[in-house]
Peer 1: 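The structure follows.
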Amino acid sequence: MLIKKAEIFHLQMPLLAPFKTSYGEMSIKHLCIVKLVSEDGIEGYGELDAFEVPWYTEETTETASLIIKSHLLPQLKGVDLQNPNQVNTLFKVFRGNEMAKAAVETAIWDMFAKASNQPLATFLGGSIGDIDVGVSIGIQESPEILVNVVRKYVSEGYSRVKLKIKPGSDVESVKQVRATFPNLSLMVDANSAYTRADIETLKKLDKYDLAMIEQPFGTTDFVDHAWLQKQIATPVCLDENIRSLEDVKQAFTLQSAKAINLKIARVGGLAEAIKIAEFCFENNMLVWCGGMYEAGIGRAHNIALASRAEFTFPGDISASNRYFHQDIIQDEITINNGKIATPTNIGIGVTVDQPVLESYCTKREVIVLD
Ligand code: OSB
Ligand code: MG
């Protein structure tokens, strides 16, 4: 498969409600849609899920789109791809920039799935059926407001709830949510807001039967996370730390975590994500699909990945109506009994709504590879 043309759509999509984490608040999601076209006219779509501000990882929408244009697309010029796994290897000559790599690599998986006339889910080794999904809830003004927000999502059918926490907005919130929903599958995500000095708070959180505590400590730390995991029964889950299979092996060997939040964008694409899922499964680490406030293309890639058998814990994958007034795909993704159905059409299985895409578009670039 020879890639002949790329289009990058730069989008700004206002969120229905601002999302607050220990890093700060986001009210507009900046993203890019990467459309690739092969010599034979096959089209593939990928989503660049960096953010406007580099607080989650170093990349931003702007830096990543520059890397795509200046380095990743030129690397594909004249290469007759035989297999989508080749892309990960071709991009390994460039360090980091995982989100930029994933945006292009996922589009190529879409093209290969279409070329083989299969839905992406089965092409990736998953299956057509229903996947379990949960919701990630930002930091709220008070525990009482939080309880009401949780109630709304539980009534919509989400089968697991993740609460964002930070120092000062943690134990009391969890206590009240747990008291109101004694049987809810509940977890917390600190986005790296704690240190060893907070051990007493973390031990208090350990008492609320949480499914896991995500990324309490530093984004490159494996040692302190291992120190914490020895003292609490709640599984530690790593998110920001995990950029490759090597990072997962490090976490496993040092016993820094029992669970991995796997995001396609954070590990440079689907080939690396599948290797990580396989490693976790073989080594009894829980692996589940994380989210990046994706629009419809990124969500479709997540659904396809999460349809693999390793994914037994509900992913941070939401319905179309969760983040935006209107999504960029024609297909409506809905939650039924805590589940989302895998699309059955070939490739990512969803269709871009071009007028809606253009309504969010602030810049469009066309790159011809010849
Ligand atoms: O830490 O998992 C995270 C969103 C943006 C950046 C980081 C994270 C998140 C989420 C939201 O938790 C997950 C989602 O609903 O897409
Ligand atoms: Mg997280």
Side-chain angles (χ1 to χ4, degrees), residues 21-23 49 55-59 88 92 95-99 101-102 134 136 160 162-166 185 187-199 201-203 205-206 210-292 302 305-306 308-316:
T21 69
S22 63
Y23 292 132
D49 280 303
W55 49 27
Y56 173 72
T57 67
E58 303 82 352
E59 292 176 271
N88 182 275
K92 280 241 155 83
R95 291 196 199 279
N97 294 288
E98 292 83 4
M99 294 174 180
K101 290 174 178 174
S136 170
R160 182 270 300 152
K162 165 165 130 180
L163 309 177
K164 293 287 187 178
I165 56 166
K166 65 174 186 182
S185 173
M187 59 178 286
V188 292
D189 184 359
N191 288 108
S192 178
Y194 296 85
T195 67
R196 285 168 80 119
D198 299 303
I199 186 67
T201 302
L202 297 166
K203 281 185 175 167
L205 290 174
D206 200 26
L210 299 176
M212 63 189 80
I213 173 164
E214 184 173 324
Q215 198 69 41
F217 295 159
T219 60
T220 57
D221 164 79
F222 288 95
V223 173
D224 289 355
H225 280 109
W227 171 85
L228 173 66
Q229 184 67 91
K230 282 196 189 71
Q231 302 177 68
I232 58 173
T234 307
V236 172
C237 172
L238 290 179
D239 173 356
E240 282 88 331
N241 275 51
I242 306 299
R243 311 284 275 264
S244 64
L245 176 60
E246 282 66 39
D247 292 332
V248 178
K249 289 182 176 170
Q250 187 143 216
F252 174 70
T253 305
L254 295 174
Q255 296 182 46
S256 316
K258 291 180 180 164
I260 300 293
N261 170 331
L262 181 53
K263 296 184 186 174
I264 302 167
R266 209 195 49 231
V267 302
L270 281 161
E272 194 75 13
I274 291 170
K275 282 196 274 178
I276 290 173
E278 288 171 342
F279 178 89
C280 288
F281 186 74
E282 282 160 20
N283 293 286
N284 271 320
M285 289 179 99
L286 183 65
V287 66
W288 59 282
C289 183
M292 294 282 285
N302 284 344
L305 176 67
R308 284 180 57 102
E310 297 92 351
F311 295 80
T312 55
F313 186 80
D316 276 343

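Only a predicted model underlies this, so the values are computations on that prediction, with no experimental measurement involved. Just so you know, residue 1 is the first one in the sequence shown, and it goes up from there.
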Peer 1: Is there a side-chain contact between E98 and R266, using heavy atoms and a 4.5 Å cut-off?
Peer 2: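 They are not in contact (no side-chain heavy atoms under 4.5 Å apart), so the answer is no.
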Peer 1: Hey, what do you get for CE (M187) to CD (E214), rounding to the nearest 0.5 Å?
Peer 2: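 It comes to 4.5 Å.
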Peer 1: If you measure from CD1 on I165 to CG on L210, what distance do you get to the nearest 0.5 Å?
Peer 2: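 So the CD1 of I165 and the CG of L210 are separated by 8.5 Å.
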Peer 1: NZ/K164 to OG/S22 distance, rounded to the nearest 0.5 angstrom?
Peer 2: 7.5 Å
Peer 1: Are the side chains of K162 and N261 in touch, meaning some heavy atoms are under 4.5 Å apart?
Peer 2: yes
Peer 1: Would you say the side chain of I242 lies within less than 4.5 Å of the side chain of Q250, judging by non-hydrogen atoms?
Peer 2: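 No. Closest side-chain heavy atoms not under 4.5 Å.
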Peer 1: Measuring from T57:OG1 to N97:CG, what's the distance to the nearest 0.5 Å?
Peer 2: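 Between atom OG1 of T57 and atom CG of N97 there are 9.0 Å.
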Peer 1: Is any side-chain heavy atom of L202 closer than 4.5 Å to one of F217?
Peer 2: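 F217 reaches L202 side chain to side chain.
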Peer 1: Write down the atom of V223, the atom of D221, and the distance for their closest heavy-atom approach.
Peer 2: N-OD1, 3.3 Å
Peer 1: What is the minimum heavy-atom distance between A233 and D206, and which atoms define it?
Peer 2: N-OD2, 3.0 Å
Peer 1: Would you say that P216 contacts H225 through its side chain, given a criterion of any heavy-atom pair below 4.5 Å between the two side chains?
Peer 2: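 Yes, at least one pair of side-chain atoms sits under 4.5 Å.
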Peer 1: Are the side chains of D49 and M99 in contact, using a 4.5 Å heavy-atom criterion?
Peer 2: no
Peer 1: Under a 4.5 Å cut-off applied to non-hydrogen side-chain atoms, are V188 and T234 in contact?
Peer 2: no
Peer 1: Give the table of side-chain donor-acceptor pairs shorter than 3.5 Å for residues 273-292, with sequence neighbours excluded, one pair per line with atom names and distance.
Peer 2:
unit_1	atom_1	unit_2	atom_2	d
E278	OE2	R308	NH2	3.4
N283	ND2	F279	O	2.8

Peer 1: For G218, is there any backbone N or O sitting under 3.5 Å from a side-chain donor or acceptor partner on E240?
Peer 2: no
Peer 1: Would you say the side-chain atoms of N302 pair up with the backbone N or O of A306, donor to acceptor, closer than 3.5 Å?
Peer 2: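 Checking the backbone N and O of A306 against the side chain of N302, no donor-acceptor pair under 3.5 Å is found.
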Peer 1: Can you pull the salt bridge (charged side-chain N to carboxylate O under 4.0 Å, His left out) pairs that have at least one residue in residues 255-264, sequence neighbours excluded?
Peer 2: D239-K263
Peer 1: Is the side chain of Q229 donor-acceptor paired with the backbone N or O of V236 at a distance under 3.5 Å, no angle test?
Peer 2: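 Here the side-chain-to-backbone pair exists.
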Peer 1: F222 and D247: which non-hydrogen atoms are nearest, and at how many Å?
Peer 2: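 Residues F222 and D247, closest heavy atoms: CE2-O, 3.5 Å.
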Peer 1: Should we count CD of E246 as having more than 12 external heavy atoms under 6.0 Å?
Peer 2: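 Atom CD in E246 is crowded, with more than 12 foreign heavy atoms closer than 6.0 Å.
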Peer 1: Enter the distance from W55:CH2 to T21:OG1 here, rounded to the nearest 0.5 Å.
Peer 2: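 One gets 6.5 Å once the value is rounded to the nearest 0.5 Å.
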Peer 1: Side chains of F311 and L262: does their closest heavy-atom pair fall under 4.5 Å?
Peer 2: yes
Peer 1: Looking at CG of D224 and OH of Y194, how far apart are the two atoms once the value is rounded to the nearest 0.5 Å?
Peer 2: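 It comes to 15.5 Å.
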Peer 1: When you measure from the side chain of Q231 to the backbone N and O of K203, does any donor-acceptor pair fall under 3.5 Å?
Peer 2: no
Peer 1: With S192, which residues qualify under side-chain contact (heavy atoms from CB on, under 4.5 Å), at least two apart?
Peer 2: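 S192 satisfies side-chain contact (heavy atoms from CB on, under 4.5 Å) with Y23, Q215, T219 only.
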Peer 1: Measure across C237 and M212 and return the closest heavy-atom pair with its distance rounded to 0.1 Å.
Peer 2: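 Answer, listing the atom of C237 first, then M212: CB-SD, 3.4 Å.
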